[in-house]
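Data first, discussion second: the structure below is written as structure tokens.
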Protein chains: 2
Amino acid sequence: MSLKRKNNKSTQVPEPTLRRLPGYLFFLEKVREKGVINISAPTIGKELKCDPTQVVKDLAVTGIKGKPRVGYNTYELCHALEEFLGFNRVNEAFLIGAGNLGTALMAYQEHQTLGIKIIAAFDVNEDKIGKHVGGIHVLEYNKLFHLSNRLDVKIAILTTPNNVAQDVAEDLVNCGVKAIWNFTHCNLDLPDNIIVEDISMSSFAAVLLRRLNDSEE
Amino acid sequence: MSLKRKNNKSTQVPEPTLRRLPGYLFFLEKVREKGVINISAPTIGKELKCDPTQVVKDLAVTGIKGKPRVGYNTYELCHALEEFLGFNRVNEAFLIGAGNLGTALMAYQEHQTLGIKIIAAFDVNEDKIGKHVGGIHVLEYNKLFHLSNRLDVKIAILTTPNNVAQDVAEDLVNCGVKAIWNFTHCNLDLPDNIIVEDISMSSFAAVLLRRLNDSEE
DNA sequence: ATATATTAAAGAAATAATTCTTTATTAAAA
DNA sequence: TTTTAATAAAGAATTATTTCTTTAATATAT
């Protein structure tokens, strides 16, 4: 994580909590479809196999109050969670680097249910420019600068080769991007106010392989 | 994380450390290519923008010792990290669910540098069976049971729709799989000895969108 | 050869997150 | 209407992780 973001730290929701919230949302949507009106924290905890007090604490960040002996209103909670997470808005995003991973993410439509909509992709490679994946065009990288002037896109998904990641990230910041979803293995050096969310497959592989090793003694 | 894995907990490396190790490895490989023989923890810390004592603690898990006033031997460290993480081995994996995300991961060859090699993909959809992506065949799901008898595959990548994820995961466990890389939004209910590594895009989206919201006050 | 500055290693303190405990609320039952 | 049981909320204790501090080692310069 970034070294310093002390400004509104006190009001900031802990990352572990944030990471758990979508899980609650998916579960609540499921039970709501079955017609459940109210659900208690202990019930949620049992289903999701986590501590019931943790559930209460996590859900408290949405501002929704539960009633003793009744629990939470599922409709209210779902709505509040979507609102809190921003999943019910359309947050437009650029994607840079239309290689294997990039086109994969373009084809993977599910971001839209997560409130993120890739509206354009960019690449420097002639072979990739003009392609059309999942309803998204791959444009020439230089067009990024023109387009970002007209559109107010705050999110970028970075799927370039590692060696150009830093340069591209700086370009993106200059284009007004405020948050970068970084799929490269680079640790980007950007101004403090830019949100960088690193999602390195290598970290996941590391944990998986090591734990597998551990379990085999 | 799973509720209980107290068996060798004392010897177990903390997850945050594990997640940082690939970053060190990539950086060290880079400087090693430039001919750097020795590197100190403070130097690594400066480059990777993290605490130098943290670097020392993290690298200590590999068993490699640094020398005062000299630092660590880059060759030794790279080798030890690869060995420790399992990145220098070929860990074979099955992939289940050849949809958008599944085929994406098949095309995304980079797993191989992370020690994970998808050797076969499976799906129930007729249209997908027989496909060939990134050198990997999509086989009929039922063939999984035969194939797992002959091959000793311990890792599975789960990219099915959410509603079948639990059933498929149970099949996988019955086929001898010990670790599941779970890309679905389900929290799988499996025996304690099975390693489950959840990588839900929704959690990442949640953190990104929320932090973006926070920064906009 | 000696002193010095740099550094790794080990341990302590601080911080963050989770789990446990208590309290207060409230719907349902008597 | 009163009692009871279930539950959310608030706070305390525990645990895990990170940062800080001290100590010991050693290559380089004097």
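Since the structure is predicted, the reported quantities are computational estimates derived from the model, not experimental observations. Throughout, a chain's letter reflects where its sequence line sits, starting with A, and its residues are numbered from 1. As a basis for the values below, the full set of heavy atoms in this structure was taken, side chains included, without hydrogen atoms, waters or symmetry mates.
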Task: Toward the 5' end of DNA chain C, by each residue's nearest nucleotide, A/Pro14 or B/Tyr72 - done: B/Tyr72
- [ ] Salt-bridge test for A/Glu197 and B/Arg211: reply yes if a basic N is under 4.0 Å from a carboxylate O, no otherwise.
- [x] no
TODO: Using whole Å, report how far CG of A/Asn73 lies from P of D/dA8.
DONE: 13 Å
Open item on the list: Looking at B/Phe84, I'd like to know if the NZ or CZ of A/Arg210 sits under 6.0 Å from its six-membered ring centre while staying within 45 degrees of the ring's axis.
Closed with: yes
Task: Residue-level proximity of residues 19-37 of chain B to DNA chain D when a heavy atom falls under 4.0 Å - done: B/Arg20
TODO: Send over the distance from B/Leu59 CG to C/dA8 P, rounded to a whole Å.
DONE: 9 Å
TODO: Report yes if the side chains of B/Leu114 and A/Met201 come closer than 4.5 Å at any heavy-atom pair, otherwise no.
DONE: yes
Task: Donor/acceptor link under 3.5 angstrom from B/Arg69 side chain onto base of C/dA5 - done: yes
TODO: Describe the nucleic acid contact of A/Ser40 in one word from base, sugar-phosphate, nothing, applying a heavy-atom distance below 4.0 Å.
DONE: sugar-phosphate
- [ ] Pick base, sugar-phosphate or nothing for A/Lys57, based on heavy-atom distances below 4.0 Å to the nucleic acid.
- [x] base
TODO: Could you work out which one of D/dC20, D/dA8, D/dT18 sits closest to the side chain of A/Val56?
DONE: D/dA8
TODO: Determine the interplanar angle of the B/Phe204 and A/Trp181 rings, folded into 0 to 90°, and report it as parallel if under 30°, tilted if 30 to 60°, perpendicular if over 60°.
DONE: tilted
- [ ] For B/Pro42, report the nucleic acid contact type (base, sugar-phosphate, nothing); a contact means any heavy atom under 4.0 Å.
- [x] sugar-phosphate
- [ ] Output the single nucleotide from C/dA9, C/dT19, C/dA27 whose closest atom is nearest the side chain of B/Lys65.
- [x] C/dA9
TODO: Please name the pair of heavy atoms, one in B/Ala206 and one in A/Leu85, separated by the smallest distance, quoted to 0.1 Å.
DONE: CB-CD2, 3.6 Å
- [ ] Answer yes or no: is there a side-chain heavy-atom contact under 4.5 Å between A/Gln166 and A/Leu188?
- [x] yes
TODO: Could you state the atom-to-atom distance from CG of B/Asp58 to C1' of C/dA9 in whole Å?
DONE: 14 Å
Open item on the list: How close do A/Ala156 and A/Leu172 get, counting heavy atoms only, and between which atoms?
Closed with: CB-CD1, 3.7 Å
TODO: Would you mind telling me which residue lines up with the more 5' stretch of DNA chain D, A/Ala60 or B/Thr17, judged by nearest nucleotide?
DONE: A/Ala60
TODO: Please report, rounded to the nearest Å, how far the C1' atom of D/dC20 is from the CG atom of B/Asp51.
DONE: 8 Å
Open item on the list: What is the separation between atom CD on A/Glu15 and atom C1' on D/dT18, rounded to the nearest whole Å?
Closed with: 15 Å
Open item on the list: What is the separation between atom CD1 on B/Ile44 and atom P on C/dT7, rounded to the nearest whole Å?
Closed with: 11 Å
Task: Distance, rounded to the nearest Å, where A/Asn38 contributes CG and D/dA6 contributes P - done: 17 Å
Task: Closest listed nucleotide, where the reference is the side chain of B/Pro68 and the choices are D/dT19, C/dA5, D/dA25 - done: D/dA25
Task: Gap between atoms CD and C1', on B/Gln54 and D/dT18 respectively (whole Å) - done: 6 Å
